[in-house]
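Below: the structure, in C-alpha coordinates.
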Protein chains: 2
Amino acid sequence: MESDTYYSYDTFKRACPSHTVLETLANKWLYLVMAALKPGKRRYSDLQRKLEGVSPKMLTQTLRVLERDGMISRKVFPVVPPHVEYELTPLGYELAGLLDHLRIWSETHVPEIMKSREAFETQAETG
Amino acid sequence: MESDTYYSYDTFKRACPSHTVLETLANKWLYLVMAALKPGKRRYSDLQRKLEGVSPKMLTQTLRVLERDGMISRKVFPVVPPHVEYELTPLGYELAGLLDHLRIWSETHVPEIMKSREAFETQAETG
DNA sequence: CCGCATCCGCGAGGATACTG
DNA sequence: CAGTATCCTCGCGGATGCGG
(Lines give C-alpha, C1' and ligand atoms only; values in the text may rest on other atoms or scores of the structure.)
Protein backbone atom coordinates (compact mmCIF):
# COMPACT_ATOMS: atom_id res chain seq x y z
CA MET A 1 0.00 0.00 0.00
CA GLU A 2 2.55 2.55 -1.04
CA SER A 3 -0.21 4.98 -2.02
CA ASP A 4 -1.85 4.76 1.35
CA THR A 5 -2.58 8.29 2.46
CA TYR A 6 -3.59 7.05 5.86
CA TYR A 7 -0.54 7.55 8.03
CA SER A 8 -0.57 6.02 11.44
CA TYR A 9 0.66 8.52 14.00
CA ASP A 10 1.92 7.42 17.37
CA THR A 11 2.31 10.19 19.89
CA PHE A 12 4.26 7.87 22.16
CA LYS A 13 7.13 7.72 19.68
CA ARG A 14 9.52 10.61 20.07
CA ALA A 15 10.14 10.98 16.36
CA CYS A 16 6.48 11.09 15.39
CA PRO A 17 5.27 14.50 14.20
CA SER A 18 2.27 14.29 16.50
CA HIS A 19 4.69 13.94 19.39
CA THR A 20 6.40 17.13 18.32
CA VAL A 21 3.09 18.94 18.16
CA LEU A 22 2.23 17.69 21.61
CA GLU A 23 5.54 18.89 22.97
CA THR A 24 4.79 22.33 21.61
CA LEU A 25 1.30 22.37 23.03
CA ALA A 26 2.27 21.20 26.49
CA ASN A 27 3.37 24.67 27.49
CA LYS A 28 1.99 27.03 30.06
CA TRP A 29 2.55 30.31 28.24
CA LEU A 30 1.30 29.00 24.93
CA TYR A 31 -1.84 27.88 26.67
CA LEU A 32 -2.39 31.27 28.29
CA VAL A 33 -1.75 33.22 25.10
CA MET A 34 -4.32 31.12 23.29
CA ALA A 35 -6.82 31.73 26.07
CA ALA A 36 -6.16 35.45 25.99
CA LEU A 37 -6.70 35.62 22.24
CA LYS A 38 -9.88 33.57 22.18
CA PRO A 39 -12.23 36.53 22.73
CA GLY A 40 -10.64 38.45 19.87
CA LYS A 41 -7.58 40.26 18.54
CA ARG A 42 -5.15 41.77 20.97
CA ARG A 43 -2.04 43.90 20.93
CA TYR A 44 1.33 42.86 22.29
CA SER A 45 1.10 45.09 25.32
CA ASP A 46 -2.43 43.91 26.02
CA LEU A 47 -1.14 40.40 26.26
CA GLN A 48 1.78 41.44 28.39
CA ARG A 49 -0.57 43.04 30.87
CA LYS A 50 -3.04 40.16 30.85
CA LEU A 51 -0.47 37.40 31.35
CA GLU A 52 0.79 38.19 34.80
CA GLY A 53 4.50 37.62 35.12
CA VAL A 54 5.33 36.96 31.50
CA SER A 55 8.68 38.33 30.32
CA PRO A 56 8.94 40.00 26.89
CA LYS A 57 11.25 37.21 25.85
CA MET A 58 8.80 34.43 26.59
CA LEU A 59 5.85 36.33 25.19
CA THR A 60 7.59 37.00 21.89
CA GLN A 61 8.89 33.46 21.69
CA THR A 62 5.46 32.00 22.33
CA LEU A 63 3.82 34.26 19.77
CA ARG A 64 6.43 33.27 17.16
CA VAL A 65 5.81 29.58 17.73
CA LEU A 66 2.07 30.02 17.45
CA GLU A 67 2.48 32.05 14.30
CA ARG A 68 4.84 29.45 12.86
CA ASP A 69 2.33 26.68 13.48
CA GLY A 70 -0.50 28.66 11.92
CA MET A 71 -2.47 29.20 15.10
CA ILE A 72 -2.34 32.97 15.08
CA SER A 73 -1.83 35.76 12.57
CA ARG A 74 0.39 38.76 13.14
CA LYS A 75 -0.60 42.10 11.65
CA VAL A 76 1.81 45.02 11.76
CA PHE A 77 0.60 48.58 11.29
CA PRO A 78 3.43 50.74 9.96
CA VAL A 79 2.87 53.63 12.30
CA VAL A 80 4.77 55.40 15.02
CA PRO A 81 4.61 54.27 17.71
CA PRO A 82 4.37 50.67 16.45
CA HIS A 83 1.08 48.86 16.49
CA VAL A 84 0.86 45.07 16.18
CA GLU A 85 -2.22 42.92 16.44
CA TYR A 86 -2.42 39.21 17.09
CA GLU A 87 -5.46 37.18 16.20
CA LEU A 88 -6.42 33.52 16.16
CA THR A 89 -6.68 31.84 12.78
CA PRO A 90 -9.62 29.50 12.21
CA LEU A 91 -7.31 26.61 13.04
CA GLY A 92 -6.12 28.35 16.17
CA TYR A 93 -9.66 29.07 17.21
CA GLU A 94 -10.45 25.38 17.11
CA LEU A 95 -7.51 24.65 19.34
CA ALA A 96 -8.41 27.47 21.69
CA GLY A 97 -11.82 25.89 22.11
CA LEU A 98 -10.32 22.59 23.17
CA LEU A 99 -7.94 24.29 25.56
CA ASP A 100 -10.83 26.24 26.99
CA HIS A 101 -12.64 23.05 27.87
CA LEU A 102 -9.54 22.03 29.73
CA ARG A 103 -9.42 25.33 31.57
CA ILE A 104 -13.08 25.17 32.54
CA TRP A 105 -12.70 21.59 33.70
CA SER A 106 -9.67 22.55 35.78
CA GLU A 107 -11.44 25.44 37.43
CA THR A 108 -14.43 23.27 38.19
CA HIS A 109 -12.29 20.68 39.93
CA VAL A 110 -9.78 22.93 41.68
CA PRO A 111 -11.29 22.33 45.14
CA GLU A 112 -11.22 18.56 44.62
CA ILE A 113 -7.63 18.64 43.41
CA MET A 114 -6.47 20.88 46.23
CA LYS A 115 -8.11 18.57 48.75
CA SER A 116 -6.36 15.61 47.20
CA ARG A 117 -3.03 17.44 47.40
CA GLU A 118 -3.48 18.21 51.07
CA ALA A 119 -4.46 14.64 51.84
CA PHE A 120 -1.40 13.41 49.98
CA GLU A 121 0.97 15.70 51.86
CA THR A 122 -0.56 14.76 55.19
CA GLN A 123 -0.14 11.11 54.45
CA ALA A 124 3.42 11.67 53.33
CA GLU A 125 4.24 13.12 56.74
CA THR A 126 2.42 10.39 58.61
CA GLY A 127 3.49 7.47 56.45
CA MET B 1 -21.18 37.97 50.71
CA GLU B 2 -18.80 36.33 53.11
CA SER B 3 -20.61 33.01 52.69
CA ASP B 4 -20.23 33.11 48.96
CA THR B 5 -19.01 29.70 47.88
CA TYR B 6 -18.60 30.90 44.33
CA TYR B 7 -14.97 31.77 43.99
CA SER B 8 -13.82 33.56 40.89
CA TYR B 9 -10.72 31.89 39.52
CA ASP B 10 -8.38 33.66 37.16
CA THR B 11 -5.90 31.40 35.43
CA PHE B 12 -3.93 34.44 34.25
CA LYS B 13 -2.94 35.28 37.82
CA ARG B 14 0.11 33.39 38.96
CA ALA B 15 -1.14 32.90 42.49
CA CYS B 16 -4.52 31.53 41.47
CA PRO B 17 -4.98 27.81 42.21
CA SER B 18 -6.29 27.26 38.71
CA HIS B 19 -3.01 28.64 37.40
CA THR B 20 -1.13 26.08 39.49
CA VAL B 21 -3.28 23.30 38.14
CA LEU B 22 -2.64 24.50 34.62
CA GLU B 23 1.09 24.57 35.23
CA THR B 24 0.94 20.97 36.34
CA LEU B 25 -1.11 19.92 33.35
CA ALA B 26 1.06 21.67 30.78
CA ASN B 27 3.55 18.85 30.77
CA LYS B 28 4.48 16.39 28.08
CA TRP B 29 5.09 13.32 30.24
CA LEU B 30 1.99 13.86 32.30
CA TYR B 31 0.00 14.06 29.13
CA LEU B 32 1.47 10.84 27.76
CA VAL B 33 0.98 8.91 30.99
CA MET B 34 -2.67 9.91 31.04
CA ALA B 35 -3.06 8.78 27.45
CA ALA B 36 -1.37 5.47 28.20
CA LEU B 37 -3.65 4.81 31.15
CA LYS B 38 -6.90 5.70 29.42
CA PRO B 39 -7.54 2.21 28.02
CA GLY B 40 -7.10 0.64 31.45
CA LYS B 41 -4.75 -0.18 34.30
CA ARG B 42 -1.09 -0.64 33.58
CA ARG B 43 2.07 -1.67 35.37
CA TYR B 44 5.10 0.54 35.83
CA SER B 45 7.19 -1.40 33.35
CA ASP B 46 4.35 -1.35 30.83
CA LEU B 47 4.36 2.42 30.96
CA GLN B 48 8.12 2.57 30.73
CA ARG B 49 8.03 0.52 27.55
CA LYS B 50 5.11 2.43 26.06
CA LEU B 51 6.53 5.92 26.69
CA GLU B 52 9.54 5.89 24.44
CA GLY B 53 12.48 7.67 26.01
CA VAL B 54 11.09 8.21 29.49
CA SER B 55 13.60 7.85 32.32
CA PRO B 56 12.59 6.06 35.52
CA LYS B 57 12.99 9.33 37.36
CA MET B 58 10.55 11.26 35.19
CA LEU B 59 8.08 8.41 35.06
CA THR B 60 8.00 8.03 38.83
CA GLN B 61 7.82 11.78 39.33
CA THR B 62 4.94 12.11 36.91
CA LEU B 63 3.06 9.22 38.49
CA ARG B 64 3.50 10.77 41.94
CA VAL B 65 2.12 14.10 40.81
CA LEU B 66 -0.88 12.45 39.20
CA GLU B 67 -1.49 10.39 42.30
CA ARG B 68 -1.16 13.47 44.49
CA ASP B 69 -3.75 15.32 42.42
CA GLY B 70 -6.17 12.41 42.52
CA MET B 71 -5.96 11.54 38.85
CA ILE B 72 -4.65 8.04 39.28
CA SER B 73 -4.62 5.34 41.95
CA ARG B 74 -1.59 3.28 42.83
CA LYS B 75 -2.05 -0.31 43.89
CA VAL B 76 0.87 -2.25 45.30
CA PHE B 77 0.81 -6.05 45.43
CA PRO B 78 3.07 -7.29 48.21
CA VAL B 79 4.74 -9.99 46.20
CA VAL B 80 8.24 -10.78 45.05
CA PRO B 81 9.13 -9.51 42.55
CA PRO B 82 7.11 -6.34 43.15
CA HIS B 83 3.94 -5.69 41.23
CA VAL B 84 2.40 -2.23 41.01
CA GLU B 85 -0.65 -1.18 39.04
CA TYR B 86 -1.70 2.33 38.09
CA GLU B 87 -5.23 3.18 37.10
CA LEU B 88 -7.18 6.31 36.33
CA THR B 89 -9.64 7.51 38.94
CA PRO B 90 -13.05 8.71 37.72
CA LEU B 91 -11.70 12.25 37.93
CA GLY B 92 -8.61 11.29 35.99
CA TYR B 93 -10.69 9.57 33.39
CA GLU B 94 -12.56 12.78 32.73
CA LEU B 95 -9.31 14.62 32.24
CA ALA B 96 -7.93 11.86 30.03
CA GLY B 97 -10.95 12.28 27.81
CA LEU B 98 -10.28 15.99 27.34
CA LEU B 99 -6.60 15.37 26.65
CA ASP B 100 -7.57 12.72 24.15
CA HIS B 101 -9.62 15.24 22.21
CA LEU B 102 -6.55 17.37 22.07
CA ARG B 103 -4.44 14.45 20.84
CA ILE B 104 -6.92 13.50 18.14
CA TRP B 105 -7.22 17.09 17.03
CA SER B 106 -3.43 17.37 16.86
CA GLU B 107 -3.06 14.21 14.81
CA THR B 108 -5.77 15.36 12.45
CA HIS B 109 -4.02 18.63 11.80
CA VAL B 110 -0.41 17.49 11.76
CA PRO B 111 -0.06 17.89 7.98
CA GLU B 112 -1.49 21.41 8.13
CA ILE B 113 0.79 22.39 10.97
CA MET B 114 3.88 20.91 9.34
CA LYS B 115 3.12 22.78 6.16
CA SER B 116 2.75 26.00 8.10
CA ARG B 117 6.09 25.36 9.79
CA GLU B 118 7.85 24.84 6.47
CA ALA B 119 6.32 27.96 4.99
CA PHE B 120 7.41 29.92 8.02
CA GLU B 121 10.99 28.71 7.82
CA THR B 122 11.17 29.41 4.10
CA GLN B 123 9.95 32.91 4.62
CA ALA B 124 12.41 33.44 7.42
CA GLU B 125 15.25 32.64 5.04
CA THR B 126 13.85 34.77 2.26
CA GLY B 127 12.63 37.67 4.29
C1' DC C 1 10.40 -5.56 39.23
C1' DC C 2 9.75 -1.11 41.22
C1' DG C 3 11.63 2.98 41.94
C1' DC C 4 14.56 5.85 45.05
C1' DA C 5 19.19 8.43 45.48
C1' DT C 6 22.61 10.86 43.39
C1' DC C 7 25.12 13.39 40.15
C1' DC C 8 25.36 16.54 36.48
C1' DG C 9 24.73 19.12 32.07
C1' DC C 10 22.29 22.19 29.78
C1' DG C 11 18.95 24.96 28.15
C1' DA C 12 14.35 26.94 29.34
C1' DG C 13 13.00 30.80 31.07
C1' DG C 14 13.28 35.12 34.10
C1' DA C 15 15.25 40.03 34.74
C1' DT C 16 16.98 43.92 32.79
C1' DA C 17 18.70 47.31 29.54
C1' DC C 18 18.26 49.06 25.28
C1' DT C 19 16.66 50.34 20.23
C1' DG C 20 13.85 51.44 15.85
C1' DC D 1 5.02 50.44 21.51
C1' DA D 2 7.02 46.23 20.20
C1' DG D 3 10.18 43.87 20.48
C1' DT D 4 15.71 42.41 20.62
C1' DA D 5 20.03 41.44 23.18
C1' DT D 6 22.25 39.86 27.02
C1' DC D 7 23.22 37.82 31.21
C1' DC D 8 22.36 34.46 34.61
C1' DT D 9 20.13 31.13 37.44
C1' DC D 10 17.80 27.24 38.51
C1' DG D 11 15.66 23.16 38.14
C1' DC D 12 14.16 19.92 34.39
C1' DG D 13 15.33 15.94 32.93
C1' DG D 14 18.71 12.23 31.51
C1' DA D 15 22.06 8.57 33.20
C1' DT D 16 23.35 5.42 36.43
C1' DG D 17 23.82 2.51 40.59
C1' DC D 18 21.74 0.50 44.24
C1' DG D 19 18.27 -1.42 47.56
C1' DG D 20 13.90 -3.72 49.01
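Throughout, a chain's letter reflects where its sequence line sits, starting with A, and its residues are numbered from 1. Hydrogens, waters and symmetry mates are skipped; everything else that's a heavy atom, side chains included, is used. Keep in mind it's a predicted model, so treat the numbers as computed, not measured.
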*asked:* Among dG3(C), dT4(D), dA2(D), which nucleotide has an atom closest to any side-chain atom of T60(A)?
replied: dT4(D)

*Distance, rounded to the nearest Å, where L30(B) contributes CG and dC12(D) contributes C1'*: 15 Å

*Using only side-chain N and O atoms of R64(A), determine if any of them is under 4.0 Å from OP1 or OP2 of dG3(D).*
yes

*Can a donor-acceptor pair be found between the side chains of R42(A) and Y86(A) at a distance below 3.5 Å?*
no

_With no hydrogens and no angle check, just 3.5 Å: does a side-chain donor-acceptor pair link T11(B) and Y31(A)?_
no

*asked:* Output one letter per nucleotide in nucleotides 14-20 of chain D: B when a protein non-hydrogen atom lies under 4.0 Å from the base, S when only the sugar-phosphate is that close, - when neither is.
replied: BBB---B

*Would L63(A) and F120(B) show up in the same hydrophobic cluster when neighbours are defined by side-chain heavy atoms closer than 4.5 Å?*
no

*Please state how far atom CG in L47(B) lies from atom P in dC2(C), giving the value in whole angstrom units.*
9 Å

*How many Å lie between CG on D46(A) and C1' on dG3(D), as a whole number?*
15 Å

*asked:* Just the rounded figure in Å: distance from C1' of dC4(C) to CD of E67(B).
replied: 15 Å

*asked:* What is the distance, to the nearest angstrom, from the CZ atom on R49(B) to the P atom on dG3(C)?
replied: 14 Å

*Specify the separation, in whole Å, of atom OH of Y86(B) and atom C1' of dC1(C).*
11 Å

*Do E121(B) and R117(B) sit within salt-bridge range, that is, some charged N less than 4.0 Å from a carboxylate O?*
no

*Among T24(B), L88(B), L37(B), I72(B), find the residue that satisfies the side chain to side chain contact (heavy atoms under 4.5 Å, CB included) test when tested with L66(B).*
I72(B)

*Under 6.0 Å between ring centres, would you say that holds for W105(A) and H109(A)?*
yes

*Please state how far atom CD in Q61(A) lies from atom C1' in dG13(C), giving the value in whole angstrom units.*
8 Å

*Whole Å only: how far is the CD atom of Q48(A) from the P atom of dC1(D)?*
10 Å

*Presence of R43(B) side-chain N/O under 4.0 Å of dC2(C) phosphate oxygens OP1/OP2*: yes

*Verify the distance criterion only: is there a donor paired with an acceptor across the side chains of Y9(B) and S106(A) at less than 3.5 Å?*
no

